[in-house]
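Worth knowing before you read on, the calculation uses all heavy atoms, side chains too, and leaves out hydrogens, waters and symmetry mates. Chain letters run A, B, ... following the sequence lines, proteins first, then strands; residues in each count from 1.
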2 protein chains.
Amino acid sequence: MPQVSIKDIARMLNISVATVSRALHDRYDVKPETKLKVLELAERLNYRPSSHAIGLLKKRTHTIGLVVPEIDNQFFSEIINGLENVAYQQGYNVMIFQSQNIYEREVKIIDQLIGARVDGIAISIGSSTQDFKHLNMLKDLEIPLAMFDRANDQVYGHKIINDNFEGGYKAGEFLIKSGRKRIAHIAGPSTLKLTRLRMQGFKAALRDAQMELRPEYLVHTTFRMEDSHQTALDLLSLPEPPDAIFAVSDYVALGVLKAARELHLHVPNNLALIGFTNLAVGPLLEPPLTTISQQSYEMGEETARILLENIESPDKDFKLQTRIFKPELVVRNSV
Amino acid sequence: MPQVSIKDIARMLNISVATVSRALHDRYDVKPETKLKVLELAERLNYRPSSHAIGLLKKRTHTIGLVVPEIDNQFFSEIINGLENVAYQQGYNVMIFQSQNIYEREVKIIDQLIGARVDGIAISIGSSTQDFKHLNMLKDLEIPLAMFDRANDQVYGHKIINDNFEGGYKAGEFLIKSGRKRIAHIAGPSTLKLTRLRMQGFKAALRDAQMELRPEYLVHTTFRMEDSHQTALDLLSLPEPPDAIFAVSDYVALGVLKAARELHLHVPNNLALIGFTNLAVGPLLEPPLTTISQQSYEMGEETARILLENIESPDKDFKLQTRIFKPELVVRNSV
DNA sequence: AAAATGTATGTAAACGTTTACGGAACTTTT
DNA sequence: AAAAGTTCCGTAAACGTTTACATACATTTT
């Protein structure tokens, strides 16, 4: 028997839908005998209420939309876990979507989430997104928005981010202290603010140590390993190759590691390497990867907390929040 | 201005909702002038149709539900990617949920998916699930079901799985051929059929080579790295430790690798190690991990294809499909 | 001039659920 | 015996959208 509705049950028992509804909700004003009959039949027919009907009727769906660039990235999947856990605890569902860093997909996803009438949206903006209309219209629609990790100042929404400048600074500082002289940086897509900040922090560390960053030691790549691998090969094949690299993320550092191995460069003897993120595989690499840690799980939790607080606040003008996580240096053996 | 409906637009333009609906759908029988007015206003107010209303009205939602044990596992996130891509191409959406291997969560998720009136469900069953009522009732409800990677014979649904017996056999065979004598196996949760099959294949390989599996060389663990790490420590601390380990998955192999490093055992000199899955990080480990590959992305694609074919088939008695992927030995340096 | 056709729009029902309101049939109070 | 209070259930509207059907007016055909 295909899916049944409250109407079907009502018809079968010769009672009204209102009574069925009340029985299912265990309301006070329904005869125990009737209640039992309803519950039994509902159980037998595997009745499950239609979330569409309820979503239509009530103004709230108790669902939040979550948009990440890609799901097969431990950093984001840990954020998802943190966010989901807090959301579930408060009785909210999470709809997960990935933009694949494609602008058109991101727009489409937002449209869908609006159509699904989610109570709020959490997003880490894709690297190709340059136009923010699709996000700023959420303000007019009164849908709370929280941006995590990849936020943008032109967008009206909460921000849960890292102090990327400081992280970059710490990375540079540590490489300098370890005595390296030819320090390079593989940066991310320049469209991302996070990329620019890590780079600026890194540059500041060099400046404070009266060191200079050679132009050829600053290169850009995407967060995909294949790209960073090629970039690293190029960088390490320079006439005067660097003796240290600060990679904008651990995934990029993995590409560097691969390139170094292919070029028979020993890490850390010939090349010091420091990443950013603190992926779970870091300690298992050879050598274990020195990195700047981001608290992904906690960022997910905090994102959910702020978003839900906004959603549940009766205050129309709920203030925008900014939460900045402090990155920590995680010393292992790659420097 | 908060979210508007077709009714709001109709009221503002002093026309009927039917006309607005027709205009938005670019139907033939609406005056160009009216059409223009509607489209303009809809655009200005950021109108997006309510998926709840449409889901209620139409019988189809063009959505499939996807349930994985955990999302922060590259194997599953690649499956998600494969499945999503095929689904998107055919105009379907995917709702992703994780059960965390917790039975109660799995049941709740299925209830939700039924409530959301998804057109079909794809699931990789959680390791703690012993009762399959929640899955078998989908047959009565006429909701197509596809199980990938972790399937169960008691459940009515399509299966997209690996030839786990053969994979186990290949792993055992390769370790034997490489000259190892004290070969151990770290198996997964014994509730999973996949675990039992890999183990049986492995045992068959030993048997065929007239080798014996010592009871203390067969241990069980979960797929989480922390557990496998401890299990490996115990195993490698036996009075007569194994000189080779077949780990039920790459994640488990990572735990073994960590344990070996802590015990100053060189891989592969003191200990040969072979995993299962072929995670992307495998080649980057030291040593690069030898493993049995599973075509995760392709499994995701195939799952979507079979499920969608079932969904779109007018045939009520669409035959159950079983697709078995052949595992391949991937030789690197850990053996 | 009547009939037929075409064009543009409106009416109303349907999807599944909740809930305010009303009312019938009892039971208790005076 | 009338009034008041309980207990249980039904009616109907609402949520947003689509669509079959009806309708009004204008235009063309006989």
In whole angstroms, how far is the [atom2] atom of [N] from the [atom1] atom of [X]?
X: A/Ile54; N: D/dA14; atom1: CD1; atom2: C1'; value: 15 Å
X: B/His25; N: D/dT18; atom1: NE2; atom2: C1'; value: 7 Å
X: B/Leu57; N: D/dA20; atom1: CG; atom2: P; value: 11 Å
X: A/Leu13; N: D/dC8; atom1: CG; atom2: C1'; value: 16 Å
X: A/Lys37; N: D/dC9; atom1: NZ; atom2: P; value: 9 Å
X: B/Lys58; N: D/dG16; atom1: NZ; atom2: P; value: 18 Å
X: B/Leu45; N: D/dG16; atom1: CG; atom2: P; value: 14 Å
X: A/His62; N: C/dT18; atom1: NE2; atom2: P; value: 13 Å

[X] side chain, from C-beta outward: closest of [options]:
X: B/Lys31; options: C/dC15, C/dT18, C/dT9; result: C/dT9
X: B/Ile6; options: C/dT17, C/dG10, D/dT17; result: D/dT17
X: A/Arg27; options: C/dG10, C/dT19, C/dT17; result: C/dT19
X: B/Asp29; options: D/dT17, D/dG10, C/dA8; result: C/dA8
X: B/Val30; options: C/dG10, C/dT9, D/dT17; result: C/dT9
X: B/Tyr47; options: D/dC8, C/dT9, D/dT17; result: D/dT17
X: B/Ala18; options: D/dT17, C/dT19, C/dA12; result: C/dA12

Legend entry - Residue mapping more 5' on DNA chain C - nearest nucleotide basis, B/Ala53 or A/Val17: B/Ala53

Inset, instruction - Would you please say whether a donor-acceptor pair under 3.5 Å links the side chains of A/Glu302 and A/Tyr297? - result: no

Report which part of the nucleic acid [X] touches: base, sugar-phosphate, or nothing (heavy-atom distance under 4.0 Å, all strands).
X: A/Ser16; result: base
X: A/His52; result: nothing
X: A/Ser21; result: base

Inset, instruction - Could you tell me whether the phosphate oxygens of D/dC8, OP1 or OP2, come under 4.0 Å of any side-chain nitrogen or oxygen in A/Thr19? - result: no

Inset, instruction - For C/dT7, take OP1 and OP2 only and decide whether either is under 4.0 Å from a side-chain N or O of B/Lys35. - result: no

Inset, instruction - Classify the side chain of B/Arg22 versus the base of C/dG10 as yes if they form a donor-acceptor pair under 3.5 Å and no if they do not. - result: yes

Inset, instruction - Determine, for A/Lys133 against A/Asp131, whether the closest basic-nitrogen to carboxylate-oxygen distance falls under 4.0 angstrom. - result: yes

Legend entry - Pair B/Glu301 + B/Arg305, salt bridge at N-O below 4.0 Å: yes

Inset, instruction - Using modelled atom types only, decide if a donor and an acceptor are shared between the side chain of B/Ser124 and the backbone of B/Phe148 within a distance under 3.5 Å. - result: yes

Inset, instruction - Tell me whether the centres of the aromatic rings in B/Tyr103 and B/His134 are closer together than 6.0 Å. - result: yes

Legend entry - 5'-most by nearest nucleotide on DNA chain D - A/Asn14 or B/Ser5: A/Asn14

Legend entry - Criterion side chain to side chain donor-acceptor pair (under 3.5 Å) against A/Lys159, the qualifying member of A/Asp153, A/Asn152, A/Thr303, A/Thr322: A/Asp153

